[in-house]
Amino acid sequence: MDSEQRRKRKRVYKPYSRAQYLSVRSLILCCSFLVFLLFLSSDRLPIRTVSFKPVLSVPTLSILSSNSIQDSFNRRFKLFPLRVEERVLFPDHLLLMVSKKIVPPQSLDCIYYKLSNSSEKSVSVKIQPVLSIDEYDEFRWVARCPLPPENYSAIVDLKRRGVVAERRWSFRGNETVHSWEKMAYAAVLDGKTVVVFVKGLNLRPHKESDHTHFRCQFGLGFVLMTDAVAAAQEVVRCLLPRSIRTNPTKAQGIRVTVVHVNANGRDYAPVPSVARIYNSNSYQRRKNKRKYELCVCTMLWNQASSIREWIMYHSWLGVERWFIYDNNSDDGIQDVVKELNLQNYNVSRHNWPWVKTQEAGFSHCALRARNECKWVGFFDVDEFFYFSRDHRRGLPGQNSLKSLVANFSSSKTVAEIRTSCHSFGPSGLSSHPVEGVTVGYTCRLQSPERHKSIVRPDLLNTTLLNVVHHFRLRAGYRYMNMPESIAVINHYKYQVWEAFRAKFFRRVATYVVDWQENQNTGSKDRAPGLGTEAIEPPNWRLQFCEVWDTGLRDFVLANFADPATGSLPWE
């Protein structure tokens with residue numbers, strides 16, 4: 001009897017209970033959705049308060065209108081300014097760092113704000129097109145904006161072109177504006193250490209510094225500090241925290257900076273930082289593959305017209321892999337690199353927006369190339385290797401540079417090969433030679449100037465100290481000077497005036513004085529007698545001509561010119 005009554009109760013109450021459950025659940029979901037919509041329509045989003053915070057307004061959302069809902073979503077998620085994560089103020093432009101996921105392919109504009117009066121809600125807005133936008137790493141993009149107009153804030157936003165910017169709403173992340181004079185700007189994992197690139201420590205050029213004066217600070221929600229194990233110029237190497245050493249994936253996206261330690265062992269304030277650790281798989285993917293015998297790394301600015309000749313020529317000599325560090329070019333170099341890769345030249349372009357950091361950039365490249373390359377050459381796009389002995393003997397020159405370094409790949413002592421440079425002048429020309437520099441310029445100074453190096457990146461000193469032309473090596477290893485009778489580098493340093501004037505306005509080396517500065521005017525990095533202004537000297541086309549040298553021209557015409565037309569592959 002009791003069991004029969006229980007069965008009846010179940011039959012009676014089971015349908016009711018399920019219906020009741022669905023009704024309550026539906027009510028909760030509806031309420032949650034309404035709260036979410038009200039939250040979106042609110043002008044008082046819970047974003048942290050700042051002293052200067054212009055806002056963009058959006059009309060109040062009507063929860064009864066589907067069109068209003070759609071319009072609001074469009075405004076909120078398609079028309080708002082892009083989320084700027086970092087801002088860095090350079091002397092001639094403002095750099096904005098944004099998440100790769102929200103950067104669109106279309107054109108962007110920079111939004112500048114000025115408070116019109118004491119009210120934070122009354123804001124004047126100006127818009128200027130971005131100077132350039134480019135991928136920085138696998139997770140971030142960078143946009144370069146003109147400097148803010150007078151009385152406008154450096155807290156600049158980005159928006160898609162064509163979107164109205166006068167709405168009152170803010171979607172900002174970090175609103176700090178960093179000064180390029182002092183900041184950590186890049187970081188790379190290297191085994192159990194992290195290498196941090198930092199501006200403004202004022203370390204001695206070309207000298208190793210006392211690493212005990214520095215520590216690294218890691219932002220993991222709580223602050224972790226580790227000791228530095230090496231320091232030189234703009235590079236500080238620190239131990240990784242134990243939690244990261246045992247699980248490197250924890251380092252992904254972590255901000256890291258450098259802290260100076262005073263004589264009493266107390267820490268100064270950490271250096272401002274935009275440097276984040278990204279354990280990129282692209283740097284590691286060749287670990288279990290055969291290394292390239294010979295790679296080349298260079299840093300350039302607006303030399304897209306020059307790299308075809310440089311890469312095609314040296315690839316024929318045996319260079320297998322190219323690392324191009326692009327220092328804010330705006331001459332379409334991306335298209336040239338793409339075209340070269342379509343022709344099976346193995347070229348990667350790395351956007352390096354940090355001005356006057358060539359030494360640090362080469363240290364960064366040495367770390368990047370170490371897992372891929374046995375040897376890495378560091379020389380410029382106006383420098384060309386020439387094997388004069390092989391040419392005189394009529395020997396084939398193909399792969400000659402690769403074969404040379406391969407002879408020392410198993411050496412127990414040699415870790416660097418240095419080759420002397422001969423500086424060529426305008427050679428009587430007034431316009432750039434269409435055949436390329438190797439054929440057009442044939443007159444040079446008699447004595448060589450400086451040298452450039454090819455190194456074994458796994459045998460560099462832990463400081464990664466370099467002076468552009470060569471690196472400091474591990475203890476027990478040495479460099480070898482290439483005899484000039486075997487090989488030299490033709491450095492097309494003083495080209496026709498139009499080409500040289502472009503070079504005059506931009507120097508990438510950290511510790512080399514700019515042309516315009518009235519310092520160290522006798523340096524070999526300057527044109528003798530040129531001074532500090534880009535004014536063409538009398539008879540420029542006839543200067544720097546002491547020896548007529550047509551060796552490389554003849555070599556190029558014999559090995560690269562089309563037999564039928566005489567044209568060269570890079571014309």
Side-chain angles (χ1 to χ4, degrees), residues 137-138 186 188-191 195 235 279-300 307 310-326 337 340-341 344-352 358-381 383-385 398-419 451-466 468-474 477-480 482 487 489:
D137 53 33
E138 293 184 352
V188 178
L189 286 182
D190 186 25
V195 179
V235 178
N279 191 20
S280 174
N281 292 330
S282 62
Y283 293 179
Q284 310 293 332
R285 62 181 54 150
R286 287 193 60 88
K287 261 191 171 183
N288 298 322
K289 298 182 180 180
R290 180 190 68 85
K291 287 186 176 182
Y292 298 114
E293 193 70 44
L294 178 59
C295 306
V296 165
C297 179
T298 196
M299 185 176 291
L300 54 75
I307 64 172
W310 185 69
I311 287 178
M312 287 181 174
Y313 173 80
H314 285 100
S315 293
W316 192 80
L317 292 183
V319 177
E320 301 169 286
R321 176 79 166 90
W322 301 88
F323 298 90
I324 306 295
Y325 275 55
D326 184 1
V337 170
L340 286 166
N341 283 322
N344 295 320
Y345 294 96
N346 190 3
V347 186
S348 67
R349 172 182 164 272
H350 181 72
N351 179 27
W352 186 257
Q358 187 175 22
E359 293 87 345
F362 280 1
S363 297
H364 189 278
C365 189
L367 289 173
R368 186 180 186 188
R370 189 176 57 194
N371 290 326
E372 297 190 40
C373 312
K374 294 181 182 178
W375 291 87
V376 182
F378 292 87
F379 52 98
D380 298 330
V381 298
E383 296 169 339
F384 290 73
F385 275 83
Q398 192 166 10
N399 291 321
S400 54
L401 186 56
K402 177 182 174 182
S403 299
L404 184 146
V405 300
N407 291 332
F408 297 94
S409 292
S410 59
S411 173
K412 302 297 183 183
T413 57
V414 176
E416 181 177 29
I417 300 172
R418 298 182 178 180
T419 307
H451 60 264
K452 290 299 172 74
S453 296
I454 303 175
V455 304
R456 294 166 66 180
D458 56 336
L459 297 178
L460 301 181
N461 186 276
T462 56
T463 61
L464 300 174
L465 178 64
N466 71 84
V468 176
H469 310 289
H470 56 261
F471 279 78
R472 178 171 292 185
L473 306 175
R474 286 187 187 179
Y477 289 90
R478 63 180 181 86
Y479 64 85
M480 184 200 73
M482 177 67 61
I489 291 177

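- Ring pair Phe378/His470: centre-to-centre distance not below 6.0 Å.
- Atom-to-atom distance recorded for Cys297:SG and His350:NE2 is 9.5 Å, nearest 0.5 angstrom.
- Heavy-atom minimum distance, Met299 versus Gly361: CE-CA, 3.7 Å.
- A distance-only check finds a donor-acceptor pair linking the side chain of Glu320 to the backbone of Glu293 [under 3.5 Å].
- In this structure, Asn341 contributes its side chain and Val347 its backbone to a donor-acceptor pair below 3.5 Å.
- You'll find the ring centres of Phe379 and His314 inside the 6.0 Å limit.
- Considering only heavy atoms from C-beta on, Val414 comes within 4.5 Å of Arg478 through its side chain.
- Under 4.0 Å is where a charged nitrogen must lie from a carboxylate oxygen, and between Glu372 and Lys291 no such pair does.
- With a 4.5 Å cut-off on side-chain heavy atoms, Trp322 and Ser315 count as touching.
- Considering only heavy atoms from C-beta on, Asn399 stays 4.5 Å or farther from Leu317 through its side chain.
- In this structure, Val376 and Val296 have side chains that are not in contact, with every pair of non-hydrogen atoms separated by 4.5 Å or more.
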May I have the step-by-step check of side chain to side chain donor-acceptor pair (under 3.5 Å) for Arg456 and Ser409, ending in yes or no? CA-CA 8 Å; Arg456 294 166 66 180; Ser409 292; over 6 Å; no
Determine whether Asn351 and Tyr325 satisfy the following criterion, side chain to side chain donor-acceptor pair (under 3.5 Å), listing intermediate values before the conclusion. CA-CA 6 Å; Asn351 179 27; Tyr325 275 55; over 6 Å; no
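- The line from CG of Leu460 to CZ of Phe362 is 13.0 Å long, rounded to the nearest 0.5 Å.
- Summarising the geometry of Val455 relative to Phe471, their closest heavy-atom pair is CG1-CD1, 4.2 Å, with the distance given to 0.1 Å.
- Side-chain atoms of Leu340 and Met312, non-hydrogen and from C-beta on, do get closer than 4.5 Å to each other.
- Rounded to the nearest 0.5 Å, atoms CE (Met480) and CD1 (Ile454) are 9.5 Å apart.
- For the residue pair Trp310/Thr298, the side-chain donor-acceptor check at 3.5 Å is not satisfied.
- With hydrogens and angles ignored, the 3.5 Å screen pairs a side-chain donor or acceptor of Arg474 with a backbone N or O of Asp458.
- Val381 approaches Phe384 most closely through the heavy-atom pair O-CE1, 3.6 Å.
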Stepwise side-chain contact (heavy atoms from CB on, under 4.5 Å) check, Arg368 with Cys373: CA-CA 9 Å; Arg368 186 180 186 188; Cys373 312; over 6 Å; no
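- Environment of OH in Tyr345: crowded, with over 12 heavy atoms of neighbouring residues, nucleotides or ligands closer than 6.0 Å.
- With contacts defined as side-chain heavy-atom distances shorter than 4.5 Å, the pair Ile324/Leu300 qualifies.
- Residues Thr419 and His451 fail the side-chain proximity criterion, which asks for heavy atoms closer than 4.5 Å.
- The two residues Ser411 and Tyr477 have their closest heavy-atom pair at O-CE2, 4.5 Å.
- Distance check, rounded to the nearest 0.5 Å: CE of Met482 to CD1 of Ile489 gives 9.5 Å.
- Contact between Arg370 and Pro457 at its shortest, heavy atoms only, is CD-O, 3.8 Å.
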Run the side-chain contact (heavy atoms from CB on, under 4.5 Å) check on Ile307 and Arg349 step by step: do they pass? CA-CA 12 Å; Ile307 64 172; Arg349 172 182 164 272; over 6 Å; no
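- Interatomic distance, NZ of Lys374 versus CG of Leu459, reported as 12.5 Å (0.5 Å rounding).
- Taken from OG in Ser453 to CG in Asn466, the straight-line distance is 9.5 Å, to the nearest 0.5 Å.
- You'll find the side chain of Trp375 stays beyond 4.5 Å of the side chain of Cys295, heavy atoms only.
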Using the side-chain contact (heavy atoms from CB on, under 4.5 Å) rule, take Asn461 and Leu473 through it: C-alpha gap first, then chi angles, then the decisive distance, then the call. CA-CA 5 Å; Asn461 186 276; Leu473 306 175; over 6 Å; no
